[in-house]
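Indexing begins at 1, ligand by ligand and atom by atom, following the structure's order. Because the structure is a prediction, the values reported are computed rather than measured.
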Amino acid sequence: MKKYNFFAGPAILPKSVIMKTAESITDFEGMGLSIMEISHRSKQFVGVMDKAISLAKELLNAPDNYEVLFLTGGASSQFYMTAMNLLGQNQKAAYINTGSWSTKAIKEAQHFGQVDEIASSKDQNFNYIPKDYNIDPEAKYLHYTSNNTIFGTQFQNAPETDIPLVADMSSDIFSRPIDVKRHVLIYAGAQKNMGPAGTTFVMVDKNALGKVNRHIPTMLDYHTHIAKGSMFNTPPVLPIYVSMLTMQWVKDHGGVTAMEKKNTEKSELLYSEIDRNGLFVGNVSAEDRSKMNVCFSLHNTELEKEFLAISKEAGCEGLPGHRSVGGFRASIYNAMDIEGVQVLVEVMKEFERTHG
Ligand SMILES: *Cc1c(COP(=O)(O)O)cnc(C)c1O
């Protein structure tokens with residue numbers, strides 16, 4: 001039976017990318033060797049790294065002063081690495097708290113400088129994006145989480161400010177066009193929308209680095225990785241390869257503008273069924289709804305198990321909501337075709353016919 005993958009992360013990858021990866025795991029580029037057993041310094045892998053970097057810059061239309069890195073340690077390591085590299089001991093940074101991930105980013109940044117939590121939606125279990133806030137003009141940067149994977153809210157646009165932005169785009173990178181030059185740094189764990197778990201994407205304005213005067217351990221200094229082209233130590237070869245193939249897939253399918261169109265269609269289809277169907281209710285304020293993670297519930301929570309069982313029979317996997325929210329979460333990243341959403345919507349309609 002065909003499966004529709006709604007997992008939040010690690011998450012769906014394009015079928016063609018998985019097939020190509022399977023081939024390269026046995027025989028990479030006709031070398032007669034697996035991609036997993038060749039040197040990262042081989043010309044074949046250096047070609048993969050170069051291609052991954054150039055595709056990322058091209059897809060996001062990044063100016064020349066931006067460097068692309070593929071690191072390890074997850075987006076979670078960027079919570080401290082960003083502050084360690086960009087925020088001086090006596091300096092201040094502004095943070096918008098829109099969920100568990102921003103909360104963790106705030107906690108880590110506090111080790112390195114003064115953190116101003118300028119707005120938070122914690123009062124309503126993060127079901128909206130706060131819009132009223134003031135930023136101290138002295139702030140070195142404003143950190144925001146562009147898409148809140150767990151709660152299903154998303155900044156429809158980057159926050160309006162002249163302060164340079166730092167963004168955690170783990171769950172919506174390459175899902176829509178972004179204005180890179182307003183950001184000093186963008187980071188993303190690969191495993192939501194750009195590849196498998198194991199590498200972390202960083203795009204950084206190199207001119208913004210080297211301005212804090214603390215000692216930074218070699219591996220945690222962005223300069224190290226820029227100077228060595230993400231090969232100061234052995235990079236996560238396979239995750240970078242699969243991320244490269246996924247970026248190539250995005251490009252072949254019309255780039256981030258086409259992805260945005262597709263993601264808008266999919267999410268509108270699903271949200272309109274949630275709004276129409278009397279059994280279900282959306283979890284977050286309508287204007288802040290995420291196009292990546294659609295969070296919803298049943299009015300009658302006693303029917304949850306049954307709805308999950310029926311959706312599973314239709315091939316829908318990964319629908320239970322995050323344990324801190326409950327209900328359902330349909331993650332509909334780039335690689336999810338509209339067909340998957342149509343199947344889910346049909347299940348919801350059928351559930352209404354039988355339980356309404
Ligand atoms: C998943 C996620 C993270 C954590 O990523 P790791 O790579 O597991 O550290 C951080 N931020 C957001 C927005 C996420 O969705």
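At a 4.0 Å heavy-atom cut-off, ligand 1 touches Phe79 through the side chain alone.
Between Ala75 and ligand 1, a contact under 3.5 Å exists for at least one N or O pair. Residue contacts with ligand 1: Lys192 is placed with a nitrogen or oxygen under 3.5 Å of a nitrogen or oxygen of the ligand (distance criterion only).
Remark: Lys122 does not engage Glu117 in a salt bridge, criterion side-chain N to carboxylate O under 4.0 Å. Taking 4.0 Å as the cut-off between side-chain N and carboxylate O, Glu352 and Lys349 do not count as a salt-bridged pair. Salt bridge absent: Asp168 and Lys104 never bring a charged side-chain N and a carboxylate O closer than 4.0 Å. At a threshold of 4.0 Å, the pair Glu317-Lys3 counts as salt-bridged, since one of the basic side-chain nitrogens sits closer than that to a carboxylate oxygen. The pair Lys262-Asp337 counts as a salt bridge, with a side-chain nitrogen and a carboxylate oxygen less than 4.0 angstrom apart.
Set against the non-hydrogen atoms of Gly74, the atoms of ligand 1 under 4.0 Å away are 7 (O), 9 (O). Counting atoms of ligand 1 from 1 in the listed order, those under 4.0 Å from a heavy atom of Gln191 are 5 (O), 6 (P), 7 (O), 8 (O). Per-residue contacts place Thr145 under 4.0 angstrom from the following atoms of ligand 1 (heavy atoms of the residue considered): 13 (C). When each atom of ligand 1 is checked for a heavy atom of Asn147 under 4.0 Å away, the hits are 13 (C).
Residues passing the salt bridge (Lys or Arg N to Asp or Glu O under 4.0 Å) test with Asp205: none are found, sequence neighbours excluded. Scanning for salt bridge (Lys or Arg N to Asp or Glu O under 4.0 Å) contacts around Glu108 gives an empty result, with sequence neighbours left out.
Of the protein's non-hydrogen atoms, Trp101 CZ3, 3.5 Å is the one closest to atom 4 (C) of ligand 1. The shortest contact between atom 9 (O) of ligand 1 and any protein heavy atom is with Ser76 OG, 2.6 Å. At the shortest separation from atom 15 (O) of ligand 1 among protein heavy atoms lies Thr149 OG1, 2.5 Å. Of the protein's non-hydrogen atoms, Asp168 OD2, 2.6 Å is the one closest to atom 11 (N) of ligand 1.
No side-chain heavy atom of Trp249 sits less than 4.5 Å from a side-chain heavy atom of Lys15.
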